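Please read the structure below before turning to the comments.
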Amino acid sequence: NSIISTGGMINIEDGATINGLRAKLKNTYSSNYKGLFSTVQSAIDYAGQLDEIHIVGGPYNENLNITNKNSISIYSGTINGTITATNSPGLQIFGTECNSIYLNNCTFPVFNNVNIYGSGSGTGLSLYNTDYNPGNIFNTMVWNFSTGFYANNSWCYLNSGNIFYENSSAVVSAYNSNLSLYYNEL
């Protein structure tokens, strides 16, 4: 249930409605869409280096798995599920809502204006094995978890505007991690 362009382009006129559309895919350096998808996961699976996935509305009940993707970006939308990424350097997430995010071996991740809502247990945002390749997190809210943010063997800059609200532990830095917090609300 996808529309994919293999060399041509897909134009969506202003005000057009496409029933069942959950995600649009385009390259960062192009204004043309490469594909229209009925699931966010199928857009992720098709995405290549420097591609942008634009989630259309939501909420959608999907657990998203991002594996071996280099420098992809996810924009907007609401996911009732977890975003799990492995071996995906340069992952960027902007303006998206979800239930939790787990990253392993994802160097240089960037999050801006992300809302992560929990149910009182678990971890909202987990970052494993970035080593000395830091993540950058801005204007992100992590709410209602046992642990809001957990880093293990990772470096990360928690830049201005992050809010860790109603978590038993707001921020945890474990084995060989280095966190820098600037103007955050804990």
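Quick note: numbers below take in every heavy atom, side chains included, and nothing from hydrogens, waters or symmetry partners. Please read all numbers here as calculations on a predicted model, not as lab measurements.
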query: Less than 6.0 Å separating the ring centroids of Y102 and Y128?
result: yes
- request: Would you check if I72 and I53 make a side-chain contact, meaning some heavy-atom pair closer than 4.5 Å?
  value: yes
- prompt: In this structure, which one of W155, F149, Y150 forms a side-chain contact (heavy atoms from CB on, under 4.5 Å) with L127?
  reply: F149
query: With sequence neighbours left out, what residues match F138 under ring pair (Phe, Tyr, Trp, His ring centres under 6.0 Å)?
result: none
message: Treating N167 as the side-chain partner and V142 as the backbone partner, does any N or O pair qualify as donor plus acceptor under 3.5 Å?
response: yes
field: Nearest atoms (heavy-atom pairs only) where F145 meets S121
entry: CD2-O, 3.3 Å
Side-chain heavy atoms of N159 within contact of I137, under 4.5 Å: no
query: Quick one: does T147's side chain get under 4.5 Å of V171's, heavy atoms only?
result: no
- prompt: Is S42 reaching over with its side chain to a backbone N or O of T39, donor-acceptor style, under 3.5 angstrom?
  reply: yes
Side-chain polar contacts of residues 90-101 - donor-acceptor pairs under 3.5 angstrom, sequence neighbours left out - could you list them?
residue	atom	partner	partner atom	Å
T96	OG1	S76	N	3.3
T96	OG1	S76	O	3.2
T96	OG1	F94	O	3.1
N99	OD1	G81	N	2.5
S100	OG	T82	OG1	2.9

message: Can you tell me which residue among I79, V40, I55 is in a side-chain contact (heavy atoms from CB on, under 4.5 Å) with I74?
response: I55
message: Determine whether a donor-acceptor pair (N or O, by modelled atom type, separation under 3.5 Å) exists between the side chain of S38 and the backbone of L21.
response: no
query: Can you check whether Y33's main-chain N or O pairs, donor with acceptor, with K24's side chain at less than 3.5 Å?
result: no
query: Using links of under 4.5 Å between side-chain heavy atoms of ILVMFWY residues, direct or through other members, which residues join Y117 in one cluster?
result: M141, W143, I163, Y165
task: Enter the distance from N70:CG to S88:OG here, rounded to the nearest 0.5 Å.
output: 8.0 Å
- request: Kindly check if the number of other-residue, nucleotide or ligand heavy atoms within 6.0 Å of OH (Y60) is above 12?
  value: yes
- request: Can you see which heavy atom on F37 is nearest to which on A43, and at what distance?
  value: CD1-CB, 3.5 Å
For residues 103-115, which side-chain N or O atoms pair as donor and acceptor with protein atoms under 3.5 Å away, sequence neighbours left out?
residue	atom	partner	partner atom	Å
N104	OD1	N129	ND2	2.8
N105	ND2	N87	OD1	3.3
N112	OD1	N139	ND2	3.1

- prompt: If only atom types and distance count, is the side chain of N184 paired as donor or acceptor with the main-chain N or O of L158 below 3.5 Å?
  reply: yes
query: Quick one: hydrophobic cluster around L50, which other residues, with the 4.5 Å side-chain cut-off, linked directly or via members?
result: Y29
- prompt: Are E62 and R22 ion-paired here, with the side-chain N under 4.0 Å from a carboxylate O?
  reply: yes
- request: Among residues two or more places apart or on two chains, list those pairs meeting side-chain hydrogen bond (donor to acceptor under 3.5 Å, both in side chains) that have a residue in residues 171-181.
  value: N153-N176
Sidechain N-carboxylate O distance under 4.0 Å for K34, D51: yes
query: With a 4.5 Å limit on heavy-atom distance, are the side chains of F164 and E185 in contact?
result: no
query: Considering only heavy atoms from C-beta outward, does the side chain of P134 approach that of Y157 to under 4.5 Å?
result: yes
